[in-house]
Amino acid sequence: MYSNPELVLKGAFLESSICWQSPSNIALIKYWGKYGIQLPQNPSLSITLNNAVTKTKVTYAYSTTGKIETQLVFNDGEAPLFHEKINVFLKSILPIFPFLSQLKMTIESSNTFPHSAGIASSASAMSALALCLCSIENKLFSSLSNASDFFNKASYVARLGSGSASRSVYGGLVLWGKYDEINESSNEFAVPLRENIHPNFATLHDAILIVSDQEKKVSSTKGHSLMHGHPFEKARFEQARANMKVLLSALKDGDIPQFIEVVENEALSLHAMMMTSKESFLLMEPATIHIIDKIRFFRKENKVDICFTLDAGPNIHLIYSEKDKHHVKGFIKNDLLKNGLIKNWIDDCVGDGPKIIKE
Ligand code: DP6
């Protein structure tokens, strides 16, 4: 779709740099299962976070070697595996950005959140890199001066790096994947949901409750591949679509109980898929289940609108809105932390999306 053999440099230019800060996101409707080149089996919907961000600066200069040349500095050190991943990714997108083989690039990247937090760093890292690449293209060719063209392409490119990264190029609530009732939706890039969001959902918070800081037990690539031939494959993709319909109408009507029901159902369905795939993964820890029970009890007893979602790991994302902030923080500090159920927590909320950093 974006292949463009004309994006080739005619001559040298002065070394320059660009820096983007891009957030992670947490899915409410999960992307789990893909086909072709990074295309989702079902539409997904996420909240873009505010504090969990990757900052990536790319310094680039003209080079005549005819191949991609990169140096990577990650969190002020080396990261050979991540470097390799970036090089493979850059090579794969050469038809989109042919000028990359005419550049020498130094990529400096750092996360504001600890590696151990279990926050999806591929979403923030790949979206930050995609935004830098689109900015470089625009600086060199003035080809992406229209903001909507720019972000559309950045989302498309981010998707090729990591599916969930396509959603991180926008703030607020973001949908990725073709969903017939949203005309502009596509499997190839994400779109922001700016209309039909009731004020009840305008200020969502995400308290990331750290149960374990162990490395991920299953990579996303492996996890997605286990959906091929999964006994519940067809039912899961249908369920995700049905849940999307209910969630979109809950968001529009301000229906909090419906929102809670769908969000928790999606989290547990994701884990149910992993538990029942050919190679089985049990990613929840005893404390995860204990906390889920406590969240449900707290919600019922105190009539506070909180719910949980999960990523592909044991940590819990506690979703609530601004009005319940004090109540929820009390629950985290006086119960979960005090009773040793969590090691730590990260106080995050819905954010406005990526930002260019002037240095
Ligand atoms: C459970 O986007 O990490 O977080 O496309 O292989 O990079 P790749 O997968 P990735 O998968 C995310 C899975 C998830 C759910 C979600 O974010 O929708």
Side-chain angles (χ1 to χ4, degrees), residues 1-23 25 37-39 48 53-63 68-70 86 89-109 122-172 174-177 183-194 351-359:
M1 175 175 168
Y2 279 108
S3 286
N4 187 353
E6 286 175 14
L7 296 177
V8 173
L9 294 163
K10 304 268 185 305
F13 58 87
L14 285 179
E15 179 179 285
S16 186
S17 69
I18 179 76
C19 183
W20 274 93
Q21 170 182 302
S22 188
N25 67 73
I37 302 177
Q38 294 280 98
L39 298 167
T48 296
V53 301
T54 298
K55 187 171 142 189
T56 296
K57 177 179 176 187
V58 180
T59 307
Y60 55 101
Y62 188 66
S63 154
I68 295 172
E69 286 176 86
T70 60
I86 287 180
F89 171 59
L90 293 176
K91 209 166 167 195
S92 74
I93 54 173
L94 260 180
I96 302 176
F97 301 114
F99 59 88
L100 288 179
S101 62
Q102 298 175 287
L103 301 182
K104 200 162 76 185
M105 294 187 280
T106 302
I107 304 167
E108 292 163 85
S109 195
S122 65
S124 52
M126 286 303 174
S127 54
L129 183 58
L131 288 156
C132 287
L133 296 176
C134 288
S135 282
I136 296 173
E137 176 191 320
N138 196 39
K139 279 198 179 184
L140 296 175
F141 301 93
S142 306
S143 46
L144 290 170
S145 46
N146 173 297
S148 110
D149 292 347
F150 179 92
F151 286 104
N152 227 35
K153 182 162 182 176
S155 176
Y156 179 99
V157 172
R159 180 201 104 226
L160 297 174
S162 178
S164 54
S166 65
R167 300 185 306 241
S168 274
V169 307
Y170 298 107
V174 186
L175 181 137
W176 167 45
N183 279 335
E184 61 280 21
S185 66
S186 166
N187 281 344
E188 307 207 330
F189 48 81
V191 291
L193 279 187
R194 296 201 175 113
D352 298 336
K355 289 178 186 60
I356 268 198
I357 307 288
K358 302 248 184 283
E359 293 202 320

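The distance from the CG atom of Leu140 to the CD atom of Gln102 is 9.0 Å, given to the nearest 0.5 Å. Distance check, rounded to the nearest 0.5 Å: CG of Asn4 to CZ of Phe97 gives 10.0 Å. Interatomic distance, NZ of Lys91 versus OG1 of Thr70, reported as 12.0 Å (0.5 Å rounding). Once rounded to the nearest 0.5 Å, the distance linking OG of Ser186 with CH2 of Trp176 reads 10.0 Å. Separation of atoms CE (Met105) and SG (Cys132) is listed at 10.0 Å; rounding is to 0.5 Å. In this structure, CG in Asn187 is found 13.0 Å from CD1 in Ile37, a value given to the nearest 0.5 Å.
Residue pairs meeting the salt bridge (Lys or Arg N to Asp or Glu O under 4.0 Å) criterion with at least one member in residues 9-19: none, sequence neighbours excluded. Pairs passing the side-chain hydrogen bond (donor to acceptor under 3.5 Å, both in side chains) check and including a residue from residues 125-138, sequence neighbours excluded, read Trp20-Ser135, Ser22-Ser127, Glu137-Ser143, Glu137-Lys153.
In this structure, the side chain of Ser168 engages the main chain of Pro23 through a donor-acceptor pair within 3.5 Å. In this structure, the side chain of Arg159 engages the main chain of Glu188 through a donor-acceptor pair within 3.5 Å. Ser155 places a side-chain N or O within 3.5 Å of a backbone atom of Ser166 that can act as its donor or acceptor partner. With hydrogens and angles disregarded, no donor-acceptor distance shorter than 3.5 Å links the side chain of Asn25 to the backbone of Ala123.
Taking each heavy atom of Ala154 and Leu131 in turn, the nearest pair found is CB-CD2, 3.7 Å. Considering all non-hydrogen atoms of both residues, Gly161 and Met126 come closest at C-CG, 3.9 Å. What you find for Cys134 and Leu144 is that their closest heavy atoms are O-CD1, 3.7 Å. Arg167 and Thr48 get closest at one heavy-atom pair: O-OG1, 3.7 Å. The minimum heavy-atom distance between Pro5 and Pro98, with the atom names listed, is CA-CG, 4.1 Å. Between Gly11 and Tyr62 the shortest heavy-atom distance is O-CE1, 3.6 Å.
Using a 4.5 Å heavy-atom cutoff, the side chains of Leu100 and Leu133 are in contact. Looking at heavy atoms from C-beta onward, Leu7 lies out of side-chain contact with Tyr2 at the 4.5 angstrom threshold. Looking at Tyr170 and Arg194, their side chains come closer than 4.5 Å, going by heavy atoms from C-beta outward. In this structure, Ile18 and Ile356 have side chains that are in contact, with non-hydrogen atoms separated by less than 4.5 Å. Taking 4.5 Å as the limit, every side-chain heavy atom of Val157 sits out of range of all side-chain heavy atoms of Phe189.
Atom NZ of Lys139 sits in a crowded spot, with more than 12 heavy atoms from other residues, nucleotides or ligands closer than 6.0 Å. For CG of Asp352, the number of neighbouring non-hydrogen atoms (other residues, nucleotides, ligands) closer than 6.0 Å is 12 at most.
Using modelled atom types and a 3.5 Å distance limit, the side chains of Thr54 and Ser124 yield a donor-acceptor pair.
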Item to check | Full working for side-chain contact (heavy atoms from CB on, under 4.5 Å) between Leu9 and Leu103 | outcome: CA-CA 10 Å; Leu9 294 163; Leu103 301 182; 4.0 Å; yes

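In this structure, Tyr60 and Phe13 have tilted ring planes: the angle between them lies in the 30° to 60° band.
With sequence neighbours excluded, the residues that form a side chain to side chain contact (heavy atoms under 4.5 Å, CB included) with Ser3 are Pro95.
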